[in-house]
There are 2 protein chains.
Amino acid sequence: MNRELLILGLLRGWDTHGYQLVDFLEKRLAYLVDLKKPTTYALLERLRRDGHVTMTVEREGNRPERRVYQVTSEGEAYFFRLLRENLRSFARPRFPNAIGIYFIQALPSEEAEALLNERLSALEEELQEFEPKVPAHAGLAAEPVLQHYVVHLQAERTWLTSLLRTLVEAHRQRSLPTEAAE
Amino acid sequence: MNRELLILGLLRGWDTHGYQLVDFLEKRLAYLVDLKKPTTYALLERLRRDGHVTMTVEREGNRPERRVYQVTSEGEAYFFRLLRENLRSFARPRFPNAIGIYFIQALPSEEAEALLNERLSALEEELQEFEPKVPAHAGLAAEPVLQHYVVHLQAERTWLTSLLRTLVEAHRQRSLPTEAAE
DNA sequence: GGGCGCATGTAATGAGTTACATGATTGA
DNA sequence: TCAATCATGTAACTCATTACATGCGCCC
């Protein structure tokens with residue numbers, strides 16, 4: 001549903017073909033969606049079948065043909081329906097990475113710390129890629145989606161470093177000489 | 001994979017049956033995962049088939065039988081493998097709600113504002129449910145997963161209200177008397 | 001007696017992934 | 001000449017959802 005919204009939205013005012021679309025999704029929107037190649041092609045075909053887009057075949061010289069898609073007026077209406085629904089609703093975000101945190105006490109805090117430090121590194125890398133793209137106080141100039149992503153990455157970093165501090169304290173306390181029995 | 005981690009982790013030290021597990025997932029972990037009933041049952045069966053858990057049948061009086069699961073030592077090992085992997089890695093979080101934001105300019109800013117205000121209300125409700133469960137500076141006492149969720153809800157609220165401000169400014173400017181041609 | 005809670009699923013369907021297939025052109 | 005890029009997919013599979021099925025006990 002949201003994937004349809006995305007593709008339809010991209011196709012509005014950008015008549016393009018599957019290959020180019022896949023390329024764009026992988027190179028520019030990887031932070032937003034993870035759409036595999038066959039899924040994208042299948043989605044285009046489904047949109048066509050349902051009358052939301054039409055398809056015309058192009059070819060340049062002897063290169064493979066291109067199936068170029070255009071949004072129909074039904075597709076236009078459908079797009080706005082999906083868009084309004086998407087903007088209106090709040091859907092719980094899902095953090096698959098959070099599930100491990102639920103069981104963090106199953107590991108000795110030293111190991112947990114080491115593992116989460118690895119995670120932190122990866123997160124910092126991600127931030128280095130995306131933070132520069134969103135100058136602070138950019139208003140609507142910088143795309144708000146990017147801003148949204150960066151804001152959450154930063155929240156994640158804050159939370160993660162604070163959790164790491166707690167863990168370090170946990171094993172620092174344990175390693176103190178025990179004067180009284182527990 | 002992460003769902004297996006979750007179920008296996010819950011089953012460690014809590015021998016329980018499908019019905020009770022489903023109940024717990026729905027009532028207490030709805031913010032963390034969305035696991036439907038048949039999926040959960042199927043997952044339990046798969047874990048059993050793969051030797052990660054064993055199953056024993058119980059029954060009280062004339063009530064329907066209960067299939068109670070216990071984690072095996074292979075399951076134990078598998079759990080730790082999954083847990084380490086989950087803690088170590090950073091996976092991009094996905095925000096299906098963000099896709100609409102990408103196309104926000106397709107709507108007049110007044111309408112976008114109205115829609116996003118609806119979203120904000122839903123978000124505030126969610127916060128009212130979860131914020132009280134996580135007193136600030138709770139360390140490892142409050143479950144860190146809950147803390148994680150709340151942190152992101154708060155980040156979302158901050159971002160959303162700032163976006164709304166920008167939108168309001170956008171149409172306030174437009175409604176000013178135009179002195180010069182554009 | 002009617003509905004909810006307990007306790008288990010199955011069957012049909014849909015959505016998405018992985019691996020594979022094809023064949024031309026372009027650049028090193 | 002070899003690999004990468006352009007451009008399209010299909011087939012087999014897994015994973016998950018929705019809707020349906022069953023039957024007892026308990027409470028109003």
Side-chain angles (χ1 to χ4, degrees), chain A residues 1-8 10-11 14-30 32-50 52-69 82 91-92 94 96 99, chain B residues 1-8 10-11 14-30 32-50 52-69 82 91-92 94 96 99:
Chain A
M1 203 106 286
N2 286 319
R3 297 172 156 198
E4 288 190 5
L5 170 61
L6 182 64
I7 290 189
L8 223 39
L10 290 173
L11 251 37
W14 184 37
D15 290 1
T16 191
H17 56 282
Y19 189 86
Q20 206 171 13
L21 192 60
V22 167
D23 192 61
F24 184 76
L25 291 171
E26 278 172 3
K27 294 197 176 131
R28 314 290 288 272
L29 297 185
L32 186 61
V33 278
D34 182 23
L35 257 174
K36 307 293 185 210
K37 213 188 338 155
T39 311
T40 309
Y41 277 109
L43 228 39
L44 284 170
E45 173 52 24
R46 202 173 92 200
L47 286 170
R48 194 198 57 75
R49 195 198 60 203
D50 296 348
H52 300 308
V53 301
T54 55
M55 193 254 292
T56 52
V57 176
E58 266 183 21
R59 104 178 304 148
E60 277 176 24
N62 209 6
R63 318 195 111 278
E65 64 170 30
R66 296 173 171 176
R67 311 192 160 184
V68 176
Y69 295 88
L82 292 177
R92 287 184 169 142
R94 298 290 168 189
I99 291 178
Chain B
M1 205 105 284
N2 287 317
R3 296 171 156 199
E4 288 191 5
L5 170 62
L6 182 64
I7 290 191
L8 224 39
L10 291 174
L11 252 36
W14 184 37
D15 290 1
T16 191
H17 56 282
Y19 190 85
Q20 206 171 13
L21 192 60
V22 166
D23 191 62
F24 184 76
L25 291 170
E26 278 172 3
K27 294 197 177 132
R28 314 290 289 272
L29 298 185
L32 185 61
V33 278
D34 184 23
L35 256 175
K36 308 294 185 213
K37 210 186 343 153
T39 311
T40 309
Y41 279 109
L43 228 40
L44 283 170
E45 172 53 24
R46 202 174 91 201
L47 286 170
R48 195 197 56 75
R49 196 197 60 203
D50 296 348
H52 300 308
V53 300
T54 54
M55 192 253 292
T56 51
V57 176
E58 266 183 21
R59 105 178 303 150
E60 277 175 25
N62 209 6
R63 316 193 115 279
E65 63 169 29
R66 295 173 172 176
R67 311 193 160 183
V68 177
Y69 296 88
L82 292 178
R92 285 184 169 142
R94 298 292 168 187
I99 291 177

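Atom set for the values below is all heavy atoms of this structure, side chains included, hydrogens, waters and symmetry mates excluded. Numbered from 1 within each chain, the chains take letters A, B, ... in sequence-line order.
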**Prompt:** Residues two or more places apart in sequence or in another chain: which of them pass side chain to side chain donor-acceptor pair (under 3.5 Å) with A:Asp23?
**Reply:** A:Lys27
**Request:** Would you sketch DNA chain C in dot-bracket for me? Only Watson-Crick or G-U wobble pairs with both distances under 3.5 Å count, crossing pairs as [ ], other-strand pairs as |, the rest as dots.
**Result:** ||||||||||||||||||||||||||||
**Request:** Working to the nearest 0.5 Å, report the span between CG of B:Leu82 and CG of B:Leu6.
**Result:** 11.0 Å
**Message:** So, does A:Arg63 get its side chain near the phosphate of D:dT5, meaning an N or O under 4.0 Å from OP1 or OP2?
**Reply:** no
**Request:** Please work out if B:Arg46 contacts a base, only the sugar-phosphate, or nothing of the nucleic acid, heavy-atom cut-off 4.0 Å.
**Result:** sugar-phosphate
**Message:** For B:Lys37, give me all partners under salt bridge (Lys or Arg N to Asp or Glu O under 4.0 Å), at least two apart in sequence or on another chain.
**Reply:** none
**Message:** Taking side chain to side chain donor-acceptor pair (under 3.5 Å) as the definition, give me every residue that meets it alongside B:Glu26, ordered by chain and number, with sequence neighbours left out.
**Reply:** none
**Prompt:** Which of residues 15-29 of chain A sit near DNA chain C, with a heavy atom under 4.0 Å from it?
**Reply:** none
**Request:** Provide the closest heavy-atom pair for B:Leu32 versus A:Arg94 in the form atom of the first, atom of the second, distance.
**Result:** C-NH1, 3.4 Å
**Message:** With heavy-atom distances below 4.5 Å as the criterion, would you say the side chains of A:Leu21 and A:Leu44 are in contact?
**Reply:** yes
**Complete:** Looking only at heavy atoms, the pair that brings A:Tyr19 and A:Tyr41 closest together is N-OH, 3.4 Å
**Partner residues of B:Thr16 under the side chain to side chain donor-acceptor pair (under 3.5 Å) criterion, sequence neighbours left out** = B:Gln20
**Message:** Whole angstroms only, please: what is the CZ-P distance between A:Arg66 and D:dT8?
**Reply:** 8 Å
**Complete:** Those residues at least two apart in sequence (or on a different chain) that pass salt bridge (Lys or Arg N to Asp or Glu O under 4.0 Å) with A:Asp34 are A:Lys36
**Prompt:** Would you call A:Arg66 and A:Val57 a side-chain contact if the rule is heavy atoms closer than 4.5 Å?
**Reply:** no
**Request:** Can you sort out which residues in residues 38-45 of chain A have a heavy atom within less than 4.0 Å of DNA chain D? Ascending by number, please.
**Result:** A:Pro38, A:Tyr41
**Asked** What pairs with B:Arg48 under salt bridge (Lys or Arg N to Asp or Glu O under 4.0 Å), at least two apart in sequence or on another chain?
**Response** B:Glu45
**salt bridge (Lys or Arg N to Asp or Glu O under 4.0 Å) involving B:Arg67 - partner list, sequence neighbours excluded** = B:Glu65
**Message:** What range of DNA chain C does chain A touch, first nucleotide to last, counting atoms under 4.0 Å from its heavy atoms?
**Reply:** C:dA15 to C:dT26
**Item:** Results of side chain to side chain donor-acceptor pair (under 3.5 Å) for B:Thr39 - residues two or more places apart only
**Value:** none
**Message:** Rounded to whole Å, please give me the gap between CD in B:Glu4 and P in D:dT14.
**Reply:** 13 Å
